Amino acid sequence: MRLSRYPLMTLKEVPASAEVVSQQLMLRAGMIRRLASGLYSWLPLGLRVLRKVERIVREEMDAAGAFEMLMPVVQPAELWEESGRWDVFGPELLRFVDRHHRGFCLGPTHEEVITDMARRELRSYRQLPVTFYQIQTKFRDEIRPRFGVMRSREFIMKDAYSFHLDQACLEQTYQRMYQAYAAVCSRLGLRYRAVEADTGAIGGSVSHEFHVLADSGEDAIAYADGGDYAANVEMASCAEPAQTRPAPAAELEAVSTPDIRSIEAISDFLDVRPDRCLKTLLVEGVESGMVALVIRGDHELNPIKAARLPGVATPLKMAEADKITAAAGCEPGFLGPVGLDCPVYADLAVSAMADFVCGANRVDQHLRGVNWVRDLPEPQFTDIRNAVDGDPSPDGRGTLRIARGIEVGHVFQLGSKYSESMGATVLDAEGREQPMLMGCYGIGVTRLVAAAIEQNNDERGIVWPTPIAPFTVLLVPINLHKSPRVQDACETLYTALQSAGVEVLFDDRDARPGVKFADGELIGIPHRVVIGERGLDAGTVEYRRRDAAESEDMPLAGLASALAEKVAAEMDQE
RNA sequence: CGGAGUAUAGCUCAGCCUGGUAGAGCACUACGUUCGGGACGUAGGGGUCGCAGGUUCAAAUCCUGCUACUCCGACCA
């Protein structure tokens with residue numbers, strides 16, 4: 001491609017609205033432009049990358065034995081009513097009516113549509129197992145779209161759905177998909193982790209998320225440094241504390257703590273460490289009442305674990321301030337479990353605490369030297385906190401570390417959730433009707449592009465992994481329009497690279513070299529060749545990898561094939 | 001949805017407090033000089049100052065309402 005004819009739309013300045021590097025660089029490199037909140041156009045340069053990611057995903061899906069198809073973006077409301085999700089999905093589902101007043105939605109995912117297809121077309125166990133996938137636009141009316149293409153309302157997803165007669169078969173395909181996802185991530189050149197995950201709105205039992213590691217990631221993941229355990233922090237279970245509870249040593253006493261409401265404040269005020277304090281939270285109960293959740297002062301409540309407790313409303317909802325005052329007789333800052341008239345759950349770590357500090361359920365007062373059994377009955381101890389760095393791994397092997405991740409993929413064993421509600425059955429070998437078991441598997445294709453940038457950039461711009469770079473070789477002439485020798489050498493090399501199948505970008509613009517170098521680095525082309533009079537005298541050109549600090553000379557003779565080899569070697573680096 | 005903030009040229013922003021004929025840098029057009037790390041000169045084009053109303057002789061500037069966007073808290077590929 002000749003750059004003089006290519007619509008390269010780079011920006012010198014960072015648009016004010018962009019907050020994460022991937023978004024800044026995608027805008028600056030001219031990959032995307034914003035149309036409205038959470039809606040982006042892909043410019044030619046960005047689309048080249050997107051298509052490459054799609055191609056890799058497609059290849060891995062095909063290799064895993066899945067069949068590509070394409071389903072509509074617009075879906076009829078009836079299907080969603082059948083599965084029961086029309087009422088459950090919430091405002092993220094963009095709904096509308098057509099001219100005949102029939103209800104529709106924009107597909108945020110396609111379980112309903114594929115299950116409808118499956119129940120019509122799959123009648124016999126002999127047709128199973130089978131997996132279908134599509135690479136297609138999804139729409140989710142996110143409350144707050146953020147980070148550019150990373151969390152947009154319209155995005156491209158690869159979604160796959162598998163159908164089975166029995167659990168063993170489902171597990172087999174699940175494993176195969178899991179492997180395919182791992183292959184996609186490594187072919188893309190990404191550092192990633194697969195972790196156990198919550199199933200959320202999609203439903204089902206077993207699920208794993210694939211996270212690209214990046215500090216800007218919205219999720220926290222926990223992984224063992226001495227074993228295989230890895231889970232989303234939402235899911236990571238916490239073991240019972242190793243140490244047993246010491247015997248009470250201090251007297252129970254009430255202390256005046258005027259306007260001291262947070263754990264931090266009370267810890268400073270009384271000079272006790274936060275891990276000697278209790279944090280008491282009131283949440284809505286299943287019926288009108290409330291439930292108290294007690295965790296150690298330095299820990300965080302895990303809302304997913306808490307919502308699973310009997311008697312606690314799902315999803316978890318913190319009690320309103322006025323309800324707390326009515327029930328406990330004080331404001332939220334002074335809550336404690338002593339004398340509280342409602343069910344109390346305390347975290348496992350709390351069971352090992354003695355002589356602790358907690359709120360007195362009276363304004364401006366806390367208790368210190370509090371002990372279970374002696375001062376108040378033991379509550380039910382259970383796991384309700386987030387795992388933290390340094391916790392022992394739940395499987396007993398190694399210590400947990402916490403890292404930030406961008407969720408780029410999610411695989412689920414759905415079981416019969418959709419096939420039962422929508423009547424998707426086949427006849428088994430004995431001629432009996434059986435609901436099919438299903439798996440579903442999603443990859444955020446547009447998000448993968450952003451995640452790749454998030455992980456591969458420097459102060460000058462993007463540093464593309466070769467397999468998804470928009471072009472693989474950048475050809476920069478010096479004084480192209482004045483030197484016939486440079487012009488000849490460039491034209492020859494350009495043609496040779498093209499016939500060697502290399503995606504070469506030839507910067508034949510009438511611009512100064514600095515501009516060309518800056519643009520080339522911004523858009524992240526992995527290999528750069530500079531051709532000038534200087535080198536031609538010696539029969540060499542200057543070569544530099546995008547991620548290298550220094551340039552090196554390469555002989556002009558045989559250059560095209562040497563470069564083609566370099567590129568090919570990096571194309572498939574699993 | 002709650003809280004905070006912003007809206008002036010294609011982009012980044014100044015001007016607003018203290019009302020008086022719309023500004024800078026970058027980008028764009030033309031010509032010239034320049035040409036190995038985002039050059040320079042000269043000349044240009046481009047704005048109903050988010051929208052609507054009000055106060056005033058006079059509003060980008062003060063007041064009211066609306067809209068859009070951004071940021072902070074509960075969802076997800």
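Every chain is numbered from 1 and lettered A, B, ... according to where its sequence line falls, protein lines coming before strand lines. If you're wondering where the values come from, they're calculated on a predicted model, not measured in any experiment.
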Contact class for A:V515 vs. all strands (heavy atom < 4.0 Å): base, sugar-phosphate, or nothing?
base
Complement of B:U61, any strand, by Watson-Crick or G-U distances under 3.5 angstrom:
none
Please state how far atom CE in A:M9 lies from atom C1' in B:C26, giving the value in whole angstrom units.
18 Å
Counting only side-chain heavy atoms from C-beta out, which of B:A27, B:A77, B:C75 sits nearest to A:E218?
B:C75
Picking from B:G37, B:C71, B:C26, which would you name as closest to the side chain of A:E19?
B:C71
Starting at the 5' end of RNA chain B and moving along, which residue's nearest nucleotide shows up first, A:R151 or A:L522?
A:L522
Would you state whether a donor and an acceptor, one from the side chain of A:N479 and one from the base of B:G36, lie under 3.5 Å apart?
no
Hey, does the side chain of A:Q413 reach the backbone of A:G439 with a donor-acceptor pair shorter than 3.5 angstrom?
no
Is A:V476 touching bases, backbone alone, or none of the nucleic acid, heavy atoms closer than 4.0 Å?
nothing
Using atom C1' of each nucleotide, how far apart are B:C51 and B:U6 to the nearest Å?
16 Å
Using purine N1 to pyrimidine N3 plus N6-O4 or O6-N4 for Watson-Crick, or N1-O2 and O6-N3 for G-U wobble, both under 3.5 Å, which nucleotide pairs with B:G25?
B:C11
Can you work out whether A:E533 or A:E234 has the more 5'-proximal nearest nucleotide on RNA chain B?
A:E533
Can you tell me, in whole Å, how much space there is between the C1' of B:G46 and that of B:A52?
26 Å
Test A:Y181 against every option in A:E209, A:K158, A:E60, A:H208 by the side-chain contact (heavy atoms from CB on, under 4.5 Å) rule and name the one that passes.
A:K158
Would you indicate which nucleotide in B:U12, B:G37, B:A77 comes nearest to any side-chain atom of A:F155?
B:A77
What's A:D519 touching, base or sugar-phosphate or nothing? Going by heavy atoms closer than 4.0 Å.
base
Across all strands, who's sitting opposite B:G32 as a Watson-Crick or G-U wobble pair, both distances under 3.5 Å?
B:C40
In whole Å, what is the span from the CG atom of A:L474 to the C1' atom of B:G37?
14 Å
B:A27 P sits how many Å from A:L8 CG, rounded?
15 Å
Could a donor-acceptor pair under 3.5 angstrom be found where the side chain of A:R528 meets the base of B:G37?
yes
Identity of whatever pairs with B:U48 - Watson-Crick or G-U, under 3.5 angstrom:
none
Identify the residue among A:L190, A:D219, A:I406 that makes a side-chain contact (heavy atoms from CB on, under 4.5 Å) with A:H211.
A:D219
Protein-nucleotide distance (A:I143, atom CD1; B:U70, atom C1'), rounded to Å
16 Å
Are A:R28 and A:E13 close enough for a salt bridge, meaning some N to O gap below 4.0 Å?
no
Does A:R144 put a side-chain nitrogen or oxygen below 4.0 Å from OP1 or OP2 of B:C72?
yes
Could you tell me how far apart A:E154 (CD) and B:C76 (C1') are, to the nearest whole angstrom?
16 Å
Relative to A:W42, does A:R48 satisfy both conditions: NZ or CZ under 6.0 angstrom from the six-membered ring centre, and within 45 degrees of the ring's axis?
no
Any side-chain N or O of A:S37 less than 4.0 Å from the OP1 or OP2 oxygen of B:U70?
yes
pair_partner(B:U56), Watson-Crick or wobble, both distances < 3.5 Å, evaluates to none
In whole angstrom, give me the gap between the C1' atoms of B:A59 and B:U8.
14 Å
Closest to the A:I478 side chain: B:G36, B:G73, B:C76?
B:G36
Contact class for A:E209 (heavy atom, under 4.0 Å): base, sugar-phosphate, or nothing?
nothing
Answer with yes or no after comparing the ring centroid distance for A:H110 and A:Y161 against a 6.0 Å cut-off, counting only values under it.
no
For A:I531 and B:C35, what is the distance between atoms CD1 and P respectively, to the nearest whole Å?
21 Å
Closest listed nucleotide, where the reference is the side chain of A:R34 and the choices are B:U70, B:A77, B:U12
B:U70
Of the nucleotides B:C11, B:G73, B:G37, which one has an atom closest to the side chain of A:R544?
B:G37
Expressed in angstrom and rounded to an integer, what is the separation of A:E92 atom CD from B:A74 atom P?
15 Å
Aromatic ring of A:F517 stacked on base six-ring of B:G38, 5.5 Å, 30°:
no
Between B:C75 and A:R140, counting only base atoms on the nucleotide and side-chain atoms on the residue, is there a donor-acceptor pair under 3.5 Å?
no
Complementary nucleotide of B:C1, counting Watson-Crick and G-U pairs under 3.5 Å:
B:G73
Carboxylate-amine/guanidinium proximity below 4.0 Å for A:D298 and A:K279
no
Contact class for A:L11 (heavy atom, under 4.0 Å): base, sugar-phosphate, or nothing?
nothing
Inter-residue atom distance A:F67.CZ - A:D62.CG, 0.5 Å rounding
9.0 Å
What integer distance in Å separates A:E542:CD from B:G36:P?
12 Å
Have a look at A:S483 and say if it touches a base, only the backbone sugar-phosphate, or nothing, with a 4.0 Å heavy-atom cut-off.
nothing
Does B:U6 have a Watson-Crick or wobble partner in any strand here, with both distances under 3.5 angstrom, and which is it?
B:A68
With P as the reference atom in both, quote the distance from B:G15 to B:C62 in angstrom, rounded to an integer.
12 Å
Phosphate-side-chain proximity, A:K516 and B:G37, N/O vs OP1/OP2 below 4.0 Å:
no
